[in-house]
Each structure stands twice: as structure tokens, then as C-alpha cells.
Trainee: 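Sharing a structure here in C-alpha cells format.
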2 protein chains.
Amino acid sequence: MERGSGVAMWRQIEDRMKEDIVSGNWKPGDRLPTESELADRFGVNRHTLRRALSALRDDGLVRIEQGRGTFVQDDVIDYAVRRRTRFSENISNLGRQPSGEVVRAGPIAADAQAASALEIRRGQKVVLLELLAFVDGRPFSVAAHQFPQTRFRGLEKAYRQTGSITKALRHFGVDDYFRKLSRVSARLPEPDDARLLNMARAQPILYTESVNVDRDGKPIEYCIGRYAGHRMQLVFEL
Amino acid sequence: MERGSGVAMWRQIEDRMKEDIVSGNWKPGDRLPTESELADRFGVNRHTLRRALSALRDDGLVRIEQGRGTFVQDDVIDYAVRRRTRFSENISNLGRQPSGEVVRAGPIAADAQAASALEIRRGQKVVLLELLAFVDGRPFSVAAHQFPQTRFRGLEKAYRQTGSITKALRHFGVDDYFRKLSRVSARLPEPDDARLLNMARAQPILYTESVNVDRDGKPIEYCIGRYAGHRMQLVFEL
DNA sequence: ACGTATTTGTTCGTATGTATC
DNA sequence: GGATACATACGAACAAATACG
């Protein structure tokens, strides 16, 4: 690290920081020190430091968020959506650690969309199971799973016992189920979702509605999922 | 519209407003009068009016935004993605008018992603065809289509003559092709894309990468698509 | 960057009619 | 009739998000 070496200071800084990241010294999702602090540390003006940060951003190594800080870019997760889509299986296959926690659970009245997807009447009761899913301990998605209550009364308890929707469904005689449909759009997150996903409100999310059916093609689950856009891609193989 | 009729005031209001919307008296995107004004107009308390609005929102007829107002919900375009996905066909099937214009065209060098998708080497030439697509005259998507130049040299000219990728590909002996893969994520638009799509920079887009193959399973097209998130949903039927 | 006005969101409290046990 | 629960309706005040100068 030297001035007048023929190599611009910001390039030297870029290289140093790149090492810290690829070596794992700074881990994906970590917040870097503030620009001022880094500038002090490297003994340069904040402008110079920002030039290095921009270069790192262009390389996809960091993500700069106004008002929040600079973060080591998470490696993007390719979440495969197929006819048989299971969260835990999917994440495990990538060599990563899936986990989840319950945000909200209990019976609610179906709104128009849920009713239409589940082929029931609006206002009929559905079992809501809102789950926050993690990959390697980092929040990945929030999903409101809804099941018709006539068939799945008490499913939330079965989930709490087993920690898995697939297993909970077996208690109700559903030994296999399939993704019939996925609708995908892009939105800005609700404040609650932004908090749960630990992301800035100005960062977009993927918003999905999906319908799962049983062997007979009967809809059993309607799910509204919200995914932190910069952490993942949905992959559809057709 | 009467009190003591056995039908709750808020339900009567809901029905009246629903008529105004479905009849086209209020059009998609229109801002409704404020809650206070509507409450005055119907001669009820603001609470009562809000109840009617909630019902309309649950039916997907209006969208309520704090601090801004209540808006008649724009009709969202469900863009179906299947193995055989053709833009014009898709939009026509919805009873809407597809059109398109060329933003940019010509040979460029393949970057890492394009090369990997098309199974060529990085730096090899691809034919770029960047198209802005419209639905009913409103901008819908920007898509950078890329074809290996060894096989499709001059495809941009064939497109300009025929106005259709499907037809242009026929000039090169490709009489049918299929969507193999779609990767979907959510992003904020580049300034250029925001301008082309006529949307705010803070509004998210759907960002897709897709690969089309010919009958033999050979990749012929790699496409980066950007869609105005609030105007459409991608629908995957599996 | 800041204040002001506008608009929706939320939470108190109060009152009335209806159905049920 | 009395007690209770529930949906409906109104009023006032304040909180939160947004638009605009």
C-alpha cells in the first residue's frame, strides 16, 4: 500500500478489500465499516475510498445501500421450482442449511384470491401458516401458506411438532403433493416483511402466489411468498 | 340506498362503487375521491365508508395507499410462460394488442452468462436484438435477445422484415423452438430501462434470464428480459 | 433538508339493533 | 323478559406516509 507506486490508491484499496472478502474475512451479508471509517483506516479521502467501493460493487462483491451501509454481497441462491418443490430438499441440494420459524399461525377467513385458488367460497376458513425461512441462518423468504380448514384443521399444530409442511400434511393423509401453478411479480416489501427479511424497504422482493395440489389434482395449499430479490433467483425448468 | 333496509350501509356502498368500476365509469389507475369526500357523498361516517373500501380491496378492485389515496386497480397482465412461449400469441390470447420496436440490434461479443447459456465460448459473437414490447400501446417489457452469430448471422435484418422472432428464425431453418429455462429475480431498473418502460426508478422490475432451444435441444437464444413489476405477473404452469 | 398540508391508518369510546340462549 | 354476543354505525383524536413548496 503505497503512494506514487504507479498503481492508483483506489485500485490498491480495491484489491485489499477484495482479499478480505474472498478469503472469508468478511462474510456474505456482513456490513462493512462506514465509508468514513474505511477512508481513515486507509489514510485516504472518502472520495477515493468510494471509488474503490464502486469498483467492488461493479464486480458484484458488495452492495451499497443509501442510508444503511455497504454489505458484502450474498451469493445468489438459485431456487429451483419444479412440479415437486420442497424448500428443505431444495436448499439441502445446494449444500446449504435450511431452517424456519413460525411468524403467525391459526385460522383466518379466505380472501378472494385464496378462495379462488383453493376452490372454496370467500370467507370460508383457511389455516394460515406464515413461515420465515432461513438459509444458512440468514432470512430467505416469508411465506403465508394457506390450507382449507375443512380438510386440514389443526395443521399448524402438526407443523409445530414436525417442523415440516410435508410431514404435517402426511398427518392428514396427503403423502405427496405437486406445484400446479406459480405467479411471479416484483414489488417493494411491506414494512413487516422488510424487517423479517432484514432488508431495506427500497429493495425489491419477488412476490409469488403458488398453488399446490394433491395426487387427485385437488388444490390443498395456496401460498403467498416474498423473497429478498438480491439474494435469490427463482429457476423454472420447463 | 337506504337505511334500515336490512342491508348494511357499507354493503350498499360497496355495490354502488363496484358498479362504477366494472361499468368503466372509474377506470384502472384512476384515483378515487378521498375517504372523507366519499363519506360525505354517501352520507355516512368515514368508518363506514372505509369498510366498503376494504371489501373492494379484498375483491381486488381497488388499491389503497396511505398518504396517496385509493386507486382503481390496474388490470394485471398474466404472462404465461410455458414450453412454447411466444409473446404475440400470449398477448393476443388475452384479447390485447401486442406490438414492438427495436431498441438496439447488431453483433456483440458474448459475456460469460450468454456464452454459458448458448454453449459457446466467451467473446464469440452473438446477434443482439433488443426489443421494447408493448401491450395495448403501453410499454410492457424490454428484452435483449441474443443468438449465436455462427448460426444466425443477419437475423436482425430478418426480424426487421418480418416483425417477429418466430418468423425470422424460420429463415434460418428453425421452424419451432422451446423454452428450456427461466431464471427470475427482482431488481430496480437501470435508468434507461425505467425510461423505456415509462416507470419510476424506485419501482421494481422482474428481471428474467431465459434460454430457448430448438427441436434437438440445442440452445439458440439467450434472453434477458425486464418487465414492469406492477403491470404484470409471470405465470408458470407446471 | 425542512415544514406544511393532505390523505390514509389506528385506536379510543359510545350507541343501537338483532339474534340466541 | 333478561342476559349475552355480535354486527353495525358514529365521533374524536392522533399516528404514519406522502406530496409539495
Trainee: Could you work out, with side-chain hydrogen bond (donor to acceptor under 3.5 Å, both in side chains) as the rule, every residue matching A:E209, not counting sequence neighbours?
Mentor: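 side-chain hydrogen bond (donor to acceptor under 3.5 Å, both in side chains) check on A:E209 returns A:Y222, B:Q233.
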
Trainee: Does B:N45 put a side-chain nitrogen or oxygen below 4.0 Å from OP1 or OP2 of D:dG11?
Mentor: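 Yes.
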
Trainee: Which of parallel (below 30°), tilted (30 to 60°) and perpendicular (above 60°) describes B:F236 and A:F236?
Mentor: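 Parallel, since the angle between the ring planes stays under 30°.
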
Trainee: Using the test salt bridge (charged side-chain N to carboxylate O under 4.0 Å, His left out), find all partners of B:R231 that sit at least two apart in sequence or belong to another chain.
Mentor: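 Salt bridge (charged side-chain N to carboxylate O under 4.0 Å, His left out) check on B:R231 returns nothing, list empty.
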
Trainee: To the nearest Å, give me how far apart CD (B:E35) and C1' (D:dG11) are.
Mentor: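 After rounding, the gap between these two atoms is 16 Å.
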
Trainee: Short of 4.0 Å, heavy atom to strand atom, which residues of residues 54-74 of chain B count as contacting DNA chain C?
Mentor: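 Residues of residues 54-74 of chain B under 4.0 Å from DNA chain C: B:I64, B:E65, B:Q66, B:G67, B:G69, B:T70.
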
Trainee: Flag the pair A:V102 / A:Y159 as yes when at least one side-chain heavy-atom distance between them is below 4.5 Å, and no otherwise.
Mentor: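 SC-SC contact between A:V102 and A:Y159 confirmed.
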
Trainee: Rounded to the nearest Å, what distance is computed from the CZ atom of residue B:R51 to the C1' atom of nucleotide D:dC6?
Mentor: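 It is 11 Å, rounded to the nearest whole Å.
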
Trainee: Regarding B:R46, tell me which of base, sugar-phosphate or nothing describes its non-hydrogen contacts under 4.0 Å with the strands shown.
Mentor: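 Result for B:R46 = base.
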
Trainee: For residues 85-104 of chain B, pull every pair meeting side-chain hydrogen bond (donor to acceptor under 3.5 Å, both in side chains), keeping only residues two or more places apart or in separate chains.
Mentor: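 Pairs touching residues 85-104 of chain B that pass the test: B:D75-B:R96, B:R86-B:D176, B:R96-B:D136, B:R104-B:E130.
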
Trainee: Within this structure, what is the NE2-to-P distance between B:H47 and D:dG11, rounded to whole angstrom?
Mentor: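 Taking NE2 of B:H47 and P of D:dG11, I get 10 Å after rounding.
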
Trainee: Please identify the 5'-most and 3'-most nucleotides of DNA chain C with any atom under 4.0 angstrom from a heavy atom of chain B.
Mentor: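 With heavy atoms of chain B under 4.0 Å away, the range is C:dT7 to C:dT11.
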
Trainee: Please say whether the positively charged group of B:R226, taken as NZ for Lys or CZ for Arg, lies over the ring of B:Y207, i.e. under 6.0 angstrom from the six-membered ring centre and within 45 degrees of the axis.
Mentor: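 No, a cation-pi geometry is absent between B:R226 and B:Y207.
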
Trainee: Show me the pairs that pass side-chain hydrogen bond (donor to acceptor under 3.5 Å, both in side chains) and involve residues 56-66 of chain B, at least two apart or across chains.
Mentor: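 Passing the test, one end in residues 56-66 of chain B: A:R122-B:D59, B:K18-B:D59, B:R63-B:E65, B:R63-B:Q73, B:R63-B:D74, B:E65-B:R68.
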
Trainee: What I want to check is whether the side chains of A:R153 and A:T150 have a donor and an acceptor closer together than 3.5 Å.
Mentor: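 The criterion, which ignores hydrogens and geometry beyond distance, is not satisfied for A:T150 and A:R153.
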
